[in-house]
Colleague: 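Attaching a single structure in C-alpha cells format; questions to follow.
Naming: A, B, ... by sequence-line order, numbering from 1 per chain. Only heavy atoms go into these numbers, but all of them, side chains included; no hydrogens, no water, no symmetry mates.
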Amino acid sequence: MTRGDFGPSSNFIRDIIEEDLRTGRYGGRVHTRFPPEPNGYLHIGHAKSICLNFGLAADYGGQCNLRFDDTNPTKEEVEYVESIKEDVRWLGFDWGDREFYASDYFEQLYQYAVQLIKAGKAYVCDLSADEIREYRGTLTEPGKESPYRDRSIEENLDLFERMRAGEFEEGSRVLRAKIDMASPNVVMRDPVMYRIIRATHHRTGDKWCIYPMYDFAHCLSDSIEGITHSICTLEFENNRALYDWFLDRLGVYHPQQIEFARLNLSHTVLSKRKLRRLVEEGYVDGWDDPRMPTIAGIRRRGYTPEAIRDFCERIGVAKANSIVDIALLEHCLRDDLNKRAPRVMAVLRPLRLVIDNYPEGQVEWFDAVNNPEDPGMGTRKLPFSRVLYVEREDFREDPPRKWFRLAPGREVRLKHAYLVTCMRVVKDERTGEVVELHCTYDPATRGGEAPDGRKVRGALHWVSAAHALDAEVRLYDRLFVKADPEDVPEGQDFTVNLNPNSLEVLTGCKVEPSLAEARPGDRYQFLRLGYFCVDPDSADGRLVFNRTVGLRDTWAKIERSLEKKGG
RNA sequence: UGGGGCGUGGCCAAGUGGUAAGGCAGCGGACUUUGAAUCCGCGAUCGCAGGUUCGAAUCCUGCCGCCCCAGCCA
C-alpha cells in the first residue's frame, strides 16, 4: 500500500517510534527535541531536522523541545539564540514553554559527574591536550592509560571541586570518563567530560569555569527532559556508545539516540565553515543574502515556510548519504506560490510600444484576474493606453522557428487587453538597437478575444507607460554553477565554482500601478517571468523586488534544442 | 590495515521472502488569454559474485565502492 497523498511516507524512524508505541516502551510517549548550538545561523539542512523533530512529535501526539546546546562559551552568543528562535518560529513550529538550555543543567550535570567519580568511573587527568592526543593511540593501535587514571576517589573529588572553584589554569586539567583506552571505538578511550574554560557564558556569566563536553551534556540533557527519541545526524553514530554508557552508569532515564543522514543540496554549500567564508570574504552580502541557503537568506529570497516544510517532507529520511537536487526545492516553492501568489504585470527590460491607431490620451481600465488558480482572490483594474512597455525579449526582428511572440507583421495578444500587430520597428540610427515598436490594435478584440475566432498563440505581458511605476529588480540564480561545488581542479577550492551570474540587478523596470501598495515580504507572480517578493530595502517610492524563482521556461528549452539542431 | 554506517532508475526514496510505490528531473503529447499551471504517456531486476528457497531487492557467504571516528568542537 502506498501512502501517496495520504500523508508522510514511512521511514525507519517512524518504524522505530511505532514499534515503541506498540510495546509501550516509553509509556506511549513521544518526546523529541531540536538541539542547536547557538554559534551560527540556521540553514535549510537544519530545517530538515526541525521539521523531522517537531513533525514527529506532532504526528504522534507528543511534544518537541527547543534546547540550546550551549556548553562552549567561546563560540556561542545570544545573537544566535535570537535568530534561531526567529527561524524556527518562522518555519511554523511552536515549542510552547519548553525553551531549554543545556546550561540550565550545569549544576545537575556537575552532580552527575561527582557521582561518576564516586563510582570510580571518572578521574581528573593532568595530561596536556597534546599528551592526551598522543595517549589516545590511533585508529588501528590502542591507546595508553593516563598516569593519573588511578587517582583515589577522594583525590579526584577534591581536584574536581577545585577545578570548579577556579584554582587551576585553563587547559591544565580535565575530568575524564574511565572507560577503555584499548576500545576499537576511539570515542570510548577515556573521553573528556569537563574542561576548564575561562570565558563568560552568554547565560551563566562567570559562574562557571568548567564546562561539560557534548557527549556528557547531551545524553543527560535528554534524560532530564524525558526525551524519548533523540534524533541526530550520522556522524554521531560512534558517539551513541558513549551516550548509552553515561546513562547506564548513572542509572538514569534512558532515551534512545537515532541517527539519520543530514541534508546535502546540489548547487550550494551547507557547512558552517563554508557559509562563513562566503560571508566573510564578501562573495555574498551577509547571512541573509537571498542567495544563501540560510533560513534568513531564503526567507528574504521569498521562500515560504510551507514550501520548505513540503520539501522536507518529500526528501524523506534515511541513513544513506545523498545530495538532493535543488530543483526539487524550487519545485516545492513554485507549487506553493502558484496557488497563492497574485499575478501582476511587470516589464523587466522595457521596450516602448506605440499603438498608432489608439486614440491619444485615451485610457481604458481592464479587469484582470489576480490568480487563475484561485478565483477567490478577485480581480484588479489595469490601465491601458496608447504607449506601453513590453518585454524587450518578446520582440525578435528575425524570429526563429516556432516563435509566436512579437515580430514584424506578427499579431499577438496583450494579455487582458487587445490583439496588436507589429507594423514598424524604430531603431537607433547609430547603434541599430531597436528602440520602439509601432503597432495597430484591433478594436474588435477588446479583452483579448478575436470575434472571428482567429488563433493568436502569443500572449504578452505589458504595462502602460504613463501609469507604470519604476522598480529595481534583483535577479537571483543558483549560487554555484556545479551541482557539487567541491568538484574542483587540483589545488583549487569551491569558490571557483561560484556562479558569476548569481545576481543581476536591473533598474528602470516598469511595474503596474497596483504595486504601489506592495510592502516588504509581499510575494507576487510577475506574469510569464517568475515569482518575486518585495525586498526590505524598499522604501516609500522606491520598490525593490527579489526574484524568488523563475517560472518553468519551455521556450528556453525549445530554443536550445533549435540551436542544437539548426546550428 | 581498527571500529561504526551505507549502497534500489539522472536525483531523492518506499519496499522487511511472493514476483520493483511515489516525487523531482528528462522526453513525448493534450489543453491553454501566463510557451506557466493542469492532464495523459514513457524509464530500474534492486553495487558485484555465489548460495538457501517453489520463489530473494528482501535470508546466508564472500568481494567491491562510498561515508564517519584519533577536538580539552558539536
Side-chain angles (χ1 to χ4, degrees), chain A residues 1-5 9-11 15 35-37 39 69 71-72 74-75 125 127-129 132-134 136-143 170-176 183-189 191-197 210-211 213-215 217-218 232-241 259 261 266 272 313-332 334-335 338-339 343 345 368-369 372-373 402-405 413-417 419 447-449 456-461 483 525-530 550-558:
Chain A
M1 160 104 194
T2 61
R3 322 213 19 166
D5 295 332
S9 73
S10 73
N11 64 53
D15 290 345
E37 179 186 15
N39 72 340
D69 223 327
T71 57
N72 187 345
T74 64
K75 298 190 171 181
C125 180
L127 252 25
S128 69
I132 285 182
R133 189 180 320 118
E134 285 164 25
R136 188 151 33 223
T138 69
L139 295 179
T140 53
E141 299 161 317
E170 180 162 317
S172 63
R173 284 180 227 261
V174 294
L175 181 71
R176 293 227 252 170
S183 172
N185 181 354
V186 185
V187 168
M188 301 298 274
R189 320 240 261 229
V192 172
M193 293 166 59
Y194 270 90
R195 73 287 213 197
I196 298 169
I197 298 177
I210 58 172
Y211 291 89
M213 296 286 288
Y214 166 85
D215 289 299
H218 203 91
C232 62
T233 47
L234 251 30
E235 63 269 29
F236 291 101
E237 276 178 320
N238 295 317
N239 301 250
R240 189 176 62 237
E259 313 84 13
S266 74
K272 270 179 191 166
E313 192 59 62
R314 295 202 205 201
I315 56 178
V317 181
K319 297 194 71 164
N321 286 312
S322 62
I323 302 172
V324 176
D325 193 332
I326 199 168
L328 177 58
L329 214 210
E330 294 171 344
H331 171 268
C332 292
R334 292 191 185 102
D335 195 40
N338 176 49
K339 288 176 281 190
R343 275 58 170 169
M345 296 219 267
V369 281
E373 303 289 323
K402 297 184 180 176
W403 175 266
F404 42 82
R405 276 123 92 148
R413 172 171 20 253
L414 294 178
K415 179 107 176 159
H416 301 307
L419 260 33
E449 204 76 67
V456 177
R457 301 212 49 192
L460 271 44
H461 59 279
Q525 182 195 98
F526 284 3
L527 224 61
R528 302 209 306 133
L529 296 173
L551 253 28
R552 283 191 63 196
D553 191 350
T554 302
W555 167 248
K557 280 179 196 165
I558 293 172

Colleague: Going 5' to 3' through nucleotides 1-12 of chain B, assign each nucleotide B (protein heavy atom under 4.0 Å from a base atom), S (under 4.0 Å only from sugar-phosphate atoms) or - (no protein heavy atom that close).
Modeller: BBBSSS----SS
Colleague: Report the base-pairing partner of B/U53 (Watson-Crick or G-U wobble, both distances below 3.5 angstrom), or none.
Modeller: none
Colleague: Taking atom P of B/U32 as reference, at what distance in whole Å does atom CD of A/E449 sit?
Modeller: 11 Å
Colleague: Sticking with atom C1', work out how far B/C48 lies from B/U8, rounded to a whole angstrom.
Modeller: 15 Å
Colleague: Could you give the distance separating B/G5 and B/U45 at their P atoms, to the nearest angstrom?
Modeller: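 After rounding to an integer number of Å, I get 31 Å for this pair.
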Colleague: Kindly give the atom pairs (protein nitrogen or oxygen, nucleotide nitrogen or oxygen) under 3.5 Å for nucleotides 72-74 of chain B.
Modeller:
from	atom 1	to	atom 2	distance (Å)
B/C72	OP1	A/R136	NH2	3.2
B/C72	OP2	A/R136	NH1	3.0
B/C72	N3	A/G171	O	3.2
B/C72	N4	A/L127	O	2.9
B/C72	N4	A/A129	N	3.0
B/C72	N4	A/G171	O	3.0
B/C73	OP2	A/R195	NE	3.1
B/C73	OP2	A/R195	NH2	3.0
B/C73	O3'	A/R195	NH2	3.2
B/A74	OP1	A/T71	OG1	2.6
B/A74	OP1	A/R195	NH2	2.9
B/A74	OP2	A/Y214	N	3.0
B/A74	O3'	A/D69	OD2	3.4

Colleague: Using the P atoms only, state how far B/C46 lies from B/A20, rounded to an integer number of Å.
Modeller: 13 Å
Colleague: Kindly compute the distance separating NZ (A/K402) from CH2 (A/W555), expressed to the nearest 0.5 Å.
Modeller: 8.5 Å
Colleague: When you check the glycosidic angle of B/G71, does it come out syn, meaning within 90° of 0, or anti?
Modeller: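 Glycosidic conformation of B/G71: syn.
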Colleague: With 3.5 Å as the limit, what N/O pairs link the protein to nucleotides 35-41 of chain B?
Modeller:
from	atom 1	to	atom 2	distance (Å)
B/G35	OP1	A/R528	NH1	3.4
B/G35	O2'	A/T554	OG1	3.4
B/G35	N7	A/R405	NH1	2.5
B/G35	O6	A/F404	N	3.1
B/G35	N1	A/K402	O	2.8
B/G35	N2	A/K402	O	3.4
B/A36	OP1	A/T554	OG1	2.3
B/A37	O2'	A/N338	ND2	3.0
B/A37	O2'	A/E373	OE1	3.4
B/A37	O2'	A/E373	OE2	3.1

Colleague: Would you call A/E259-A/R240 a salt bridge at under 4.0 Å N-O?
Modeller: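 Salt bridge flag = yes for A/R240 with A/E259.
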Colleague: Provide the distance between the two C1' atoms, one in B/G10 and one in B/A25, to the nearest whole Å.
Modeller: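 Straight-line distance between the two C1' atoms is 7 Å.
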Colleague: Could you let me know what B/G65 is paired to, Watson-Crick or G-U wobble, both distances under 3.5 Å, or none if it's on its own?
Modeller: B/C6
Colleague: Is there a Watson-Crick or G-U wobble partner for B/C72 with both distances under 3.5 Å, and which nucleotide is it?
Modeller: none
Colleague: Let's test this: given Watson-Crick or G-U wobble pairing with both distances under 3.5 Å, identify the partner of B/U16.
Modeller: none
Colleague: Would you say that A/N238 contacts A/M188 through its side chain, given a criterion of any heavy-atom pair below 4.5 Å between the two side chains?
Modeller: no
Colleague: Measure the spacing between OH of A/Y214 and CG of A/D69 and express it to the nearest 0.5 Å.
Modeller: 6.5 Å
Colleague: Salt bridge check, A/R314 against A/D335: does any charged N sit closer than 4.0 Å to a carboxylate O?
Modeller: yes
Colleague: Go through the steps for A/M193 and A/V174 under the test side-chain contact (heavy atoms from CB on, under 4.5 Å), then give the verdict.
Modeller: CA-CA 7 Å; A/M193 293 166 59; A/V174 294; over 6 Å; no
Colleague: Applying side-chain contact (heavy atoms from CB on, under 4.5 Å), run through A/R173 and A/L127 and close with a yes or a no.
Modeller: CA-CA 7 Å; A/R173 284 180 227 261; A/L127 252 25; over 6 Å; no
Colleague: For B/C69 versus B/C73, give the span between their P atoms, rounded off to a whole number of Å.
Modeller: 16 Å
Colleague: Determine the interatomic distance between C1' on B/U58 and the same-named atom on B/A21; round to the nearest Å.
Modeller: 16 Å
Colleague: Taking side chain to side chain contact (heavy atoms under 4.5 Å, CB included) as the criterion, tell me which of A/R343, A/R528, A/K415, A/H416 meets it with A/H461.
Modeller: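 In the set A/R343, A/R528, A/K415, A/H416, the residue that makes a side chain to side chain contact (heavy atoms under 4.5 Å, CB included) with A/H461 is A/R528.
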Colleague: Rounded at 0.5 Å granularity, tell me how far NE2 in A/H331 sits from CG in A/N338.
Modeller: 9.5 Å
Colleague: Does B/G43 have a Watson-Crick or wobble mate here (both distances under 3.5 Å), and if so which one?
Modeller: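 Checking every strand shown, B/G43 finds no partner, since no pair has both distances under 3.5 Å.
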Colleague: Just call it for A/V317: base, sugar-phosphate, or nothing, with non-hydrogen atoms closer than 4.0 Å on any strand.
Modeller: sugar-phosphate
Colleague: Verify whether one side chain among A/N72 and A/T74 offers a donor that lies under 3.5 Å from an acceptor in the other.
Modeller: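 Their side chains do contain a donor-acceptor pair, which is all the 3.5 Å distance test asks for.
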Colleague: Which part of the nucleic acid does A/H416 contact within heavy-atom distance under 4.0 Å: base, sugar-phosphate only, or nothing?
Modeller: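 Base, at least one base heavy atom under 4.0 Å.
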Colleague: Please give the distance between the P atoms of B/C24 and B/U38 as a whole number of Å.
Modeller: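 One P to the other, the span is 9 Å.
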Colleague: Can you list the steps and then say if A/K319 with A/E237 is a salt bridge (charged side-chain N to carboxylate O under 4.0 Å, His left out)?
Modeller: CA-CA 11 Å; A/K319 297 194 71 164; A/E237 276 178 320; 2.9 Å; yes
Colleague: Rounded to the nearest 0.5 Å, what's the gap from SG on A/C232 to NE2 on A/H218? Could you check?
Modeller: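 That separation rounds to 7.0 Å.
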Colleague: How far does the P atom of B/U53 sit from the matching atom of B/G47, given to the nearest Å?
Modeller: 23 Å
